[in-house]
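I have placed the structure first, in the form of structure tokens, so that the comments after it can refer back to it.
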Amino acid sequence: MTDEHQKSGPRRVGQVKEVTSLSNPIIKDIKALTNKKDREESGTFMAEGLKLVIDALELGWSIRTLVYAKAAKGKPLVEQVAAKTVAHGGLVLEVSEKVLSSITRRDNPQMVVGIFEQRWKKLDDLRPGRDETLVALDRVRDPGNLGTIIRTADAAGASGVILIGECTDPFSLETVRATMGSVFAVPVVKCSAEEFLNWQKRSGVQVVATHLAGAVDYRTVDYTKKPAVLLMGNEQSGLPDNLARAADRTVRIPQQGRADSLNLAVASTVMLFEARRHLLTLDEKK
């Protein structure tokens, strides 16, 4: 190995480029990340906003490309993020507002966009302890619902979100926006119903499923003795029989009034904060 190679090492060197054309191939590749197929093939996704990009870097996510508007150049936080991106071998693009609008599909886009490598956990990576809570979602379809549930799971201190079956993509631009950055803090797993049921048997968890036929008030369940998995059904059809039957407890949220059901994200929030009520306290101000 030459002295020169030892100095430079095998690491990639980051670059900074100015881009003004919508037809630039790099911009076309970034815009393609609005398609699930392209996200899956590249293993990357888009996060919009300086705060989200900073959160992701602080939590150790790998950034491939940083895009910022010319108007943001020189701002200390943007310069810091750009320097980190280059240091990690990423590409930094300084673009016009027109280019940024086309990437984010917004007329008034955020000034910064980051392209990150996707990160998935495996079911067997999840070994929840007694005071841990997970949310399992069967075939969740709405990006706003999924993003809100990931954000709520983060706020309540849950340990992860399990996506069962054909779910909406947690790394779509709409879902990432709805998480408000929590997608970087909450582990996400995807699996089949069969894989989930097999994991349930060997993991020592208590699965508490919400179901319209549930006869038990969700507030009467003891969430303190075992790690809890809150199993929530699809927005339209609820839980299928095989998942409902396998649950340790099947519960319902009591309601009054004419509405016959709750939005999935709202129901998940109600369940999460009840399951973690014994662990959540207000910190006393010193």
Side-chain angles (χ1 to χ4, degrees), residues 4-120 143 147 150-151 169-186 188:
E4 191 60 37
H5 185 76
Q6 284 176 325
K7 285 177 187 173
S8 60
R11 236 178 55 170
R12 293 177 300 151
V13 179
Q15 300 177 42
V16 181
K17 291 184 178 180
E18 185 176 346
V19 177
T20 55
S21 171
L22 294 174
S23 59
N24 183 290
I26 301 172
I27 299 302
K28 286 184 174 179
D29 286 344
I30 292 172
K31 287 172 69 175
L33 294 179
T34 54
N35 305 316
K36 185 176 181 180
K37 181 172 176 284
D38 289 281
R39 288 194 299 274
E40 288 177 343
E41 285 178 358
S42 68
T44 61
F45 70 104
M46 191 187 313
E48 187 185 354
L50 181 59
K51 181 187 180 298
L52 265 66
V53 172
I54 290 171
D55 287 349
L57 290 172
E58 286 179 349
L59 289 167
W61 286 63
S62 298
I63 188 166
R64 292 266 189 94
T65 308
L66 179 75
V67 185
Y68 67 82
K70 284 184 181 180
K73 188 176 182 180
K75 295 190 175 182
L77 286 176
V78 175
E79 294 290 333
Q80 286 171 29
V81 168
K84 282 184 180 178
T85 303
V86 171
H88 287 90
L91 177 65
V92 176
L93 301 178
E94 181 185 313
V95 302
S96 63
E97 191 168 323
K98 180 179 70 172
V99 170
L100 206 53
S101 291
S102 74
I103 289 172
T104 62
R105 298 183 173 184
R106 289 198 194 202
D107 291 333
N108 296 301
Q110 298 265 1
M111 301 294 270
V112 176
V113 169
I115 310 304
F116 291 90
E117 293 178 11
Q118 294 184 20
R119 188 187 287 180
W120 294 91
I150 291 172
R151 182 182 179 187
D169 185 3
F171 296 115
S172 73
L173 189 54
E174 296 82 5
T175 307
V176 172
R177 277 175 184 157
T179 71
M180 297 292 285
S182 291
V183 71
F184 298 113
V186 177
V188 178

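Side chain of Glu117 to main chain of Thr44: no donor-acceptor pair is present (N/O by atom type, distance under 3.5 Å, no hydrogens or angles). The closest donor-acceptor contact from the side chain of Thr175 to the backbone of Asp169 lies under 3.5 Å. Formation of a donor-acceptor pair under 3.5 Å by the Asn24 side chain with backbone atoms of Ile26 is found in this model. A donor-acceptor pair under 3.5 Å is formed between the side chain of Thr85 and the backbone N or O of Val81.
Between Ala69 and Leu100, the closest heavy-atom pair is CB-CD2, 3.8 Å. Heavy-atom minimum distance, Val99 versus Leu22: CA-CD2, 3.7 Å. Of all heavy-atom pairs between Val183 and Pro170, the closest is CG2-O, 4.0 Å. What you find for Gly114 and Val53 is that their closest heavy atoms are N-CG2, 3.7 Å. Scanning all heavy atoms of the two residues, the minimum distance from Pro143 to Glu174 falls at CB-CB, 3.8 Å.
Between Leu33 and Ser42 the shortest side-chain heavy-atom distance falls below 4.5 Å. A 4.5 Å side-chain heavy-atom check between Arg39 and Ser172 finds at least one atom pair inside the cut-off. The closest side-chain heavy-atom distance from Glu94 to Tyr68 is below 4.5 Å. Leu50 has its side chain out of reach of Met111: every pair of non-hydrogen atoms, C-beta onward, lies at least 4.5 Å apart.
Between Phe171 and Phe45, the two ring planes are tilted [angle within 30° to 60°].
Taken to the nearest 0.5 Å, the CG atom of Leu91 stands 5.0 Å off from the OG1 atom of Thr65. Between the CZ atom in Arg105 and the NZ atom in Lys31 there is a gap of 8.0 Å [rounded to 0.5 Å]. Considering CD1 of Ile30 and OG1 of Thr104, their distance stands at 11.5 Å, rounded to 0.5 Å.
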For residues 55-63, which side-chain donor-acceptor pairs fall under 3.5 Å, sequence neighbours excluded?
from: Asp55; atom 1: OD2; to: Lys51; atom 2: NZ; distance (Å): 2.7
from: Trp61; atom 1: NE1; to: Phe184; atom 2: O; distance (Å): 3.1

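Val112 pairs with exactly one of Leu77, Leu52, Val78 by the side chain to side chain contact (heavy atoms under 4.5 Å, CB included) rule, that one being Val78.
For Met180, the CE atom sits in a loose shell: 12 or fewer heavy atoms of surrounding residues, nucleotides or ligands are nearer than 6.0 Å. The neighbour count for Lys36 NZ, taken as heavy atoms of other residues, nucleotides or ligands under 6.0 Å away, is above 12.
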Given the rule in the side chain to side chain contact (heavy atoms under 4.5 Å, CB included) test, do Val113 and Met46 qualify, once you have shown the distances and angles that lead to the verdict?
-> CA-CA 7 Å; Val113 169; Met46 191 187 313; 3.3 Å; yes
For the pair Val19 and Val67, evaluate side chain to side chain contact (heavy atoms under 4.5 Å, CB included) and give the outcome as yes or no after the intermediate values.
-> CA-CA 10 Å; Val19 177; Val67 185; over 6 Å; no
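Listed by chain and residue number, Glu18 satisfy the salt bridge (charged side-chain N to carboxylate O under 4.0 Å, His left out) test with Lys70 (two or more places apart in sequence, or in another chain).
Applying the salt bridge (Lys or Arg N to Asp or Glu O under 4.0 Å) test to residues at least two apart or on different chains, none of the pairs has a partner in residues 79-93.
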